[in-house]
Amino acid sequence: MCGGIYSRVGVRVCAAVLLASVSSFSEEFIQDLGESSVFGTASENVKPLQASSSYAEITPEAWEGRGLSAAEVLASLPGVQYTRQGGVGSFQTVSIRGVSAKNIVVCMDGIPLNDASGGAVDFGTIDLNQIEKIEVYKDRVPAKFGGRGIGGAINFITKGSKPAEAVLKPEEKKSGRVLLSYGSHNTWEASTQLLSRLTDSASVSASLSARHSDNDYEFDSQNGTPYNPDDDFTDTRRNAEFTEYSGLAKVRVLHANGVFSTLNFNFSRSEGGNPGRDDDQTSVAGYKGEFVQTTYRAELPQLLGWLWLELSLTGKYEKATSHSYYPLDHLGYTMSGMQEYGAAGYSLAPEIVASYLGERLEANLRLSLDASYYEKRGTSSSKWNLMRVATNISGDVSYDVVRNLSVGGEASALIVKDDIHGGKFVQPTTSVVLKTAKDRNVSWSGRGFVRYDAPNSRFGGNLSFGRFVRTPQLMELYGVYPGMLSNPDLKDESALRFEVGGYYMIPKSNTAIRATYFETDLDNGIYWLVSAGISKPKNVGEAHIRGLEAELESRPKKWLSVVLRATFQDAEDRSDEKYYYGKQLPNEPARSYYAEARFDLPFHLDLTWTSEYRTDIFDDRANRIKQPAVDLHHFALGYTPFSKTRLVFALRNLTDETYRNPYISFPTPGREYKLTLTQGF
């Protein structure tokens, strides 16, 4: 297969360039040994060196003009795998170090996006045109996000988060930009951002964005026989269009009493078709989604010479519905035409954070209350509503034992109170109404760490061990849709996690080498068991995951930067069920590689080449449906004739590989192109 040849050639080329860069002796050396760093290689000012492999920051230079979704951007990091069910706007998720997507806390400006369904956050609905930076925590869920979760945390920071004085020159009053792009399958994007300094102490920023795709690509259909590849054929995706509109506004004010206020407002509305199974595509099925979030945050001036306080109040509204037409239901009885399923959710979350920063001690304490209410939308099933009030206490502390050597820890506790009204689950012959919710115990998480991190040292490392939990969500406990059985007796999912890692710097070639060994034991994992069209969640999942991340990042010359990453892992199912024990967890490859090289060329041109490869994976826990190895290669050619004008042509999947999606048997597009113009003003 020619794709395999291209994969080997691409990886070898990037590896050769990387080794050459390590052996070069550039005098320019950008030292960055802090825990936070920027991943992106689009300008001379980017810092390619970071000390920690368990935390990363990704900036727009890593995705703008390159035709990448949020899940694909994240999967460029070691230890992160992604899945997608199709083209633009399709359902997409990521896993971190073998831990599934539903156990990862995903936030927007620090506010969790995980909803009451208990499922994974859909990264396909996140418009990167609205994002200024992505924070990735692979080893924990920080206390500032509540400390809840097993698989780490991802925080999307929206545009306009930087104050005006950090962006505008002293003589400037405003700045902005416009982005336009067009690509394969009638895919287009348009966005605009504006930042304005109203006074010396007040500024406002706003952003509007729209994107669309017909998603009418060719794919390899399984023809309804996933275990028999001999009858597969090429088909075209139909009724898969996607359209989304989003916007945000931020107002920042420094008051006379020293209080700093920020008011954030962001919204999105999306809709699209749902083709259904690849062997039986529908023509009228679709979905709609709405999201609105408003946050007021006040940062108080320093109190008593050592205490900082931050107060915030967040309100959130979300609505998601799916519709379809069924002449018959799953038992063969006629139904009344159009069926619509969905829910609307409302939440209010006050929060207070206290911080102390001393000469050797740093500590943070967070107290929050999250009241969430969900109710029925659509025409199916009886009326219902669910409510949860969650009180969360979390904190972290770090103490410098000696210079450059620190110890510390994080801990959180969650108290949950559920209430249900009209909760109903449907069985094949009857229905049962749940009248009361089951009381739940307090759940807690904790983590300790030791870190050596010297500002001018060429090497350093860290070690951590912790216990983490995820409390079942409302829809997992109290199913309310037809075919969904409730299970109020679900236990908390839990995990023991260990990691040890280190880094080594080579100043002469501006190179960093990082490696991390990680190990996770999962217990009481929640899985939806399906039989005869009826599904019920149960604690049947146990797993043992261990692996190694390796990364080499170099910028030896102003015109060259190179990245090479690899992940080796063994994600083994340890469930008591004999059909699953000893099998590999779904969607988790044994090995994956990522290579990237960027060249700043003459005449204001730049070229970025990337190659990615993963080994075979399985769609199912029984390891009966195997997906073949995937090797993809992409390039992006940029042209910057003026300081505020940039044009990028990107071509993804150069070998035109068509393969089934590794999440379920939905297809993934082949070769795609995209042309993007960005103009600042």
Side-chain angles (χ1 to χ4, degrees), residues 7 11 52-56 71-72 74-84 93-104 120 136-140 149-154 461-466 468 493-503 513-523 525 527 541-552 563-575 580-595 611-623 625-632 661-663:
S7 175
V11 172
S52 174
S53 60
S54 295
Y55 172 80
E72 291 170 317
L74 290 163
S76 66
L77 298 175
V80 182
Q81 311 293 337
Y82 79 99
T83 62
R84 58 184 293 183
T93 65
V94 300
S95 65
I96 297 179
R97 292 178 174 174
V99 181
S100 64
K102 67 184 178 68
N103 286 316
I104 298 170
V136 184
Y137 302 83
K138 291 187 286 186
D139 57 343
R140 70 195 193 281
I150 293 175
I154 300 170
N462 66 283
L463 180 149
S464 70
F465 178 82
F468 304 86
E493 294 181 295
S494 63
L496 296 176
R497 303 191 63 185
F498 166 81
E499 77 159 46
V500 57
Y503 65 87
I513 302 174
R514 294 179 289 274
T516 299
Y517 173 82
F518 58 88
E519 193 161 349
T520 301
D521 276 302
L522 293 169
D523 194 19
Y527 281 87
E542 296 183 13
H544 179 75
I545 306 162
R546 59 180 177 176
L548 175 68
E549 295 175 3
E551 184 174 16
L552 197 156
V563 176
L564 188 62
R565 299 185 172 112
T567 304
F568 309 90
Q569 65 178 14
D570 179 20
E572 183 182 0
D573 197 317
R574 296 279 182 90
S575 303
Y580 303 143
Y581 186 87
K583 301 294 195 303
Q584 293 299 300
L585 295 180
N587 311 316
E588 293 298 332
R591 303 185 311 278
S592 60
Y593 308 98
Y594 177 86
S611 295
E612 52 183 295
Y613 175 83
R614 67 148 175 81
T615 54
D616 295 343
I617 61 172
F618 295 96
D619 276 352
D620 59 330
R621 293 181 65 202
N623 290 180
I625 306 177
K626 178 186 288 189
Q627 299 292 355
V630 170
D631 49 88
L632 298 175
N661 177 268
Y663 185 67

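The basis for the numbers below is simple: all heavy atoms, side chains too, and nothing from hydrogens, waters or symmetry mates.
A donor-acceptor contact closer than 3.5 angstrom is absent between the side chains of Gln81 and Asn587.
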(message) Walk me through whether Glu519 and Arg497 qualify under side-chain contact (heavy atoms from CB on, under 4.5 Å).
(response) CA-CA 6 Å; Glu519 193 161 349; Arg497 303 191 63 185; over 6 Å; no
(request) Test side chain to side chain donor-acceptor pair (under 3.5 Å) on Ser592 and Glu612 and set out the steps. (result) CA-CA 7 Å; Ser592 60; Glu612 52 183 295; over 6 Å; no
(request) Any chance you could lay out the side chain to side chain donor-acceptor pair (under 3.5 Å) test for Thr83 and Thr93, step after step, and finish with the verdict? (result) CA-CA 5 Å; Thr83 62; Thr93 65; 2.8 Å; yes
(request) Please step through side-chain contact (heavy atoms from CB on, under 4.5 Å) for the pair Asp570 and Ile545, ending with a clear verdict. (result) CA-CA 6 Å; Asp570 179 20; Ile545 306 162; over 6 Å; no
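One N or O on the side chain of Asp616 and one on the backbone of Ala629 form a donor-acceptor pair closer than 3.5 Å. Put simply, the side chain of Ser54 never gets that close to the backbone of Lys138: no donor and acceptor are under 3.5 Å apart.
Take Lys102 and apply the salt bridge (charged side-chain N to carboxylate O under 4.0 Å, His left out) test, not counting sequence neighbours, and it matches Glu493. Partners of Glu72 by side chain to side chain contact (heavy atoms under 4.5 Å, CB included), not counting sequence neighbours, listed by chain and number: Leu68, Ser69, Tyr82, Arg84, Arg652. Listed by chain and number, the residues in a side chain to side chain donor-acceptor pair (under 3.5 Å) with Thr516 are Ser53 (sequence neighbours excluded). With sequence neighbours excluded, the residues forming a salt bridge (charged side-chain N to carboxylate O under 4.0 Å, His left out) with Arg97 are Glu499, Glu549, listed by chain and number. Asp523 is linked by a side chain to side chain donor-acceptor pair (under 3.5 Å) to nothing, counting only residues two or more places apart in sequence or in another chain. Among residues two or more places apart in sequence or in another chain, the side chain to side chain contact (heavy atoms under 4.5 Å, CB included) test is passed with Ala543 by Leu522, Leu585. Partners of Arg574 according to the salt bridge (charged side-chain N to carboxylate O under 4.0 Å, His left out) rule, which considers only residues two or more places apart in sequence or in another chain, are Glu572. Applying the side chain to side chain contact (heavy atoms under 4.5 Å, CB included) test to Tyr580 and every residue at least two apart in sequence or in another chain returns Asp573, Ser575, Glu577, Arg621, Ala622. The side chain to side chain donor-acceptor pair (under 3.5 Å) check on Tyr581 picks up nothing, with sequence neighbours excluded. By the side chain to side chain donor-acceptor pair (under 3.5 Å) test, Asp521 pairs with His544, sequence neighbours left out.
Ring-plane geometry between Tyr137 and Tyr55 is classed as tilted, the angle between the planes lying from 30 to 60 degrees on a 0 to 90 degree scale.
A side chain to side chain contact (heavy atoms under 4.5 Å, CB included) with Arg546 holds for exactly one of Phe518, Tyr517, Phe498; it is Tyr517.
Note that CG of Leu564 is 6.5 Å distant from CG of Leu552, once rounded to the nearest 0.5 Å.
In this structure, Ser95 and Ser100 approach most closely via the heavy-atom pair CB-CA, 4.2 Å.
For the pair Asn462/Val500, no side-chain contact is recorded, criterion being any heavy-atom separation below 4.5 Å from C-beta on. Residues Ile96 and Ile154 have side chains in contact (heavy-atom distance under 4.5 Å, counting atoms from C-beta outward).
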